[in-house]
2 protein chains.
Amino acid sequence: MSTRVESAAELWLTWKRAFEAVRAPIVAEVTAGSDLSEPELSVLVTLFEAGGAARQNVLAAELGWDRTRLSHLLTRMEAREYVTRGKVTGGVEVALLTRGRDALDTSIPTLEDSARRHLLDALDPEDVRALRRIVRRLLTS
Amino acid sequence: MSTRVESAAELWLTWKRAFEAVRAPIVAEVTAGSDLSEPELSVLVTLFEAGGAARQNVLAAELGWDRTRLSHLLTRMEAREYVTRGKVTGGVEVALLTRGRDALDTSIPTLEDSARRHLLDALDPEDVRALRRIVRRLLTS
DNA sequence: CGACCCGTGTTGACATGTCAACATTCGCTT
DNA sequence: AAGCGAATGTTGACATGTCAACACGGGTCG
């Protein structure tokens, strides 16, 4: 029994550690200000990027989540008036409400700042280019 | 109001998406075989890499987790006889039990295989080198 | 000594995520 | 049109994670 894990697994595990190391402080800073949790913010951002409204299954796909999780979360967010859900042919469409947009306006600058400090600034331009390429590749495979 | 999120945040968000996209299938495959959840496997692997035993706070640091989470998880894992906890000057030391080692032996090959297919194979050698560099940098900053 | 302070870990209440089962709707086939 | 299957969401029970409060055990300094 060696004391090392094989190469692919090792790459995955260290990547995971690095990801956690970046995520933790960003989440801490972003959630400190607003009354949004990080997953809630993800939903709002994705919704925003989709133009303010999106089908629930599309949202789930974009986020890489499963339907159930999104459903529960949206139920909570609907109760707090961040979003609405409306039936649509073939499913449900979710739309940002004013309260959701306001929350976004408050949180995005913090997110931008945290992401810059904990991710961008930790890398040099070459790393950033490489990371973008890697991300693109992983998302299209 | 634009329809785009700024650069650092955008990098962070797409990275997060890519990470989720890789994590989901790996977790699905790894947990399908064994009766270990993914966090439990992480604990066992980290413990293994530390030589079979480690202080709880060290473990938490390695994993990038908070003490409470680890404590709860270890309580559950202790009940299932994967690990033991023993008091030590200045804290608690956790050690792998046979059942834990066995679970590792079963899961690691699957993990290796999944990680290779979903991560390594999706990237070319240059990407892999870049990712390793990025990870190292993020973990030491 | 004895009164802190700080790092560690645990606990219980609550928030969130997961899983399996179910409802609904749409498209396809006949 | 009627029936069927696949895709979409929801629900409730349970697993897991988070937060705030507490407990304990060293250091350190008066």
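Residue numbers start from 1 in every chain, and the chains themselves are labelled A, B, ... in the order their sequence lines are given, proteins ahead of strands.
- Between the P atom of dT10(D) and the CG atom of L73(A) lies a distance of 12 Å, rounded to the nearest Å.
- Comparing dG17(D), dG12(C), dT16(C) against the side chain of S37(A) picks out dT16(C) as the nearest.
- Where E40(B) and T89(B) meet DNA chain D, the nucleotide closest to each residue was compared, and E40(B) sits on the side nearer the 5' end.
- Between F19(A) and W15(B), the two ring planes are perpendicular [angle over 60°; tilted spans 30° to 60°].
- Within 6.0 Å of atom CD in E78(B), more than 12 heavy atoms from other residues, nucleotides or ligands are found, so the atom counts as buried in its surroundings.
- Between the CD atom of E93(B) and the C1' atom of dT8(C) there is a distance of 14 Å, given to the nearest Å.
- Within the 4.0 Å cut-off from OP1 or OP2 of dT10(D), at least one side-chain nitrogen or oxygen of S71(A) is found.
- H72(B) contributes a side-chain N or O that forms a donor-acceptor pair with the base of dG12(C) under 3.5 Å.
- Picking from dT11(C), dC19(C), dT25(C) the nucleotide with the shortest atom distance to the side chain of K87(A) gives dT25(C).
- Residues R80(B) and D35(B) share a closest heavy-atom pair of NH1-O, 3.2 Å.
- Nearest nucleotide to the side chain of N57(B), out of dT25(C), dT16(C), dG9(C): dG9(C).
- In this structure, CG of L74(B) is placed 12 Å from P of dT11(C), rounded to the nearest angstrom.
- Nearest-nucleotide positions on DNA chain C place T68(A) closer to the 5' end than the other of T68(A) and G90(A).
- Here dT11(D) presents its C1' atom at 15 Å from CD of E78(A), a figure rounded to the nearest Å.
- Rounded to whole Å, the distance from CG on D66(A) to C1' on dC19(C) is 9 Å.
- Taking only side-chain atoms of R55(A), from C-beta outward, the nucleotide of dA20(D), dG9(D), dG17(D) with the closest atom is dG9(D).
- Atom CG of L41(B) is separated from atom C1' of dT16(D) by 16 Å (rounded to the nearest Å).
- Considering only side-chain N and O atoms, Q56(A) lies nowhere under 4.0 angstrom from the phosphate OP1 or OP2 of dA7(D).
- Between dA21(D) and R67(B), no contact under 4.0 Å exists linking OP1 or OP2 to a side-chain N or O.
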Inset, instruction - For the pair R136(A) and T14(B), evaluate side-chain hydrogen bond (donor to acceptor under 3.5 Å, both in side chains) and give the outcome as yes or no after the intermediate values. - result: CA-CA 8 Å; R136(A) 199 167 343 107; T14(B) 55; over 6 Å; no
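- In the set dT25(C), dT18(C), dT10(C), the nucleotide with an atom closest to the side chain of R69(A) is dT18(C).
- Atom C1' of nucleotide dT18(C) and atom CD of E38(B) are separated by 14 Å, given to the nearest angstrom.
- What separates CG of L36(B) from C1' of dT16(D) is a distance of 15 Å, to the nearest Å.
- OP1 and OP2 of dG9(D) both lie 4.0 Å or more from every side-chain N or O belonging to R85(A).
- The residue among P39(A) and V92(B) whose nearest nucleotide of DNA chain C is located toward the 5' end is V92(B).
- Between D113(A) and R116(A), the closest heavy-atom pair is OD1-NH2, 2.7 Å.
- Judged by distance alone, with hydrogens and angles left aside, the side-chain atoms of R55(A) form a donor-acceptor pair with the main-chain N or O of G90(A) at under 3.5 Å.
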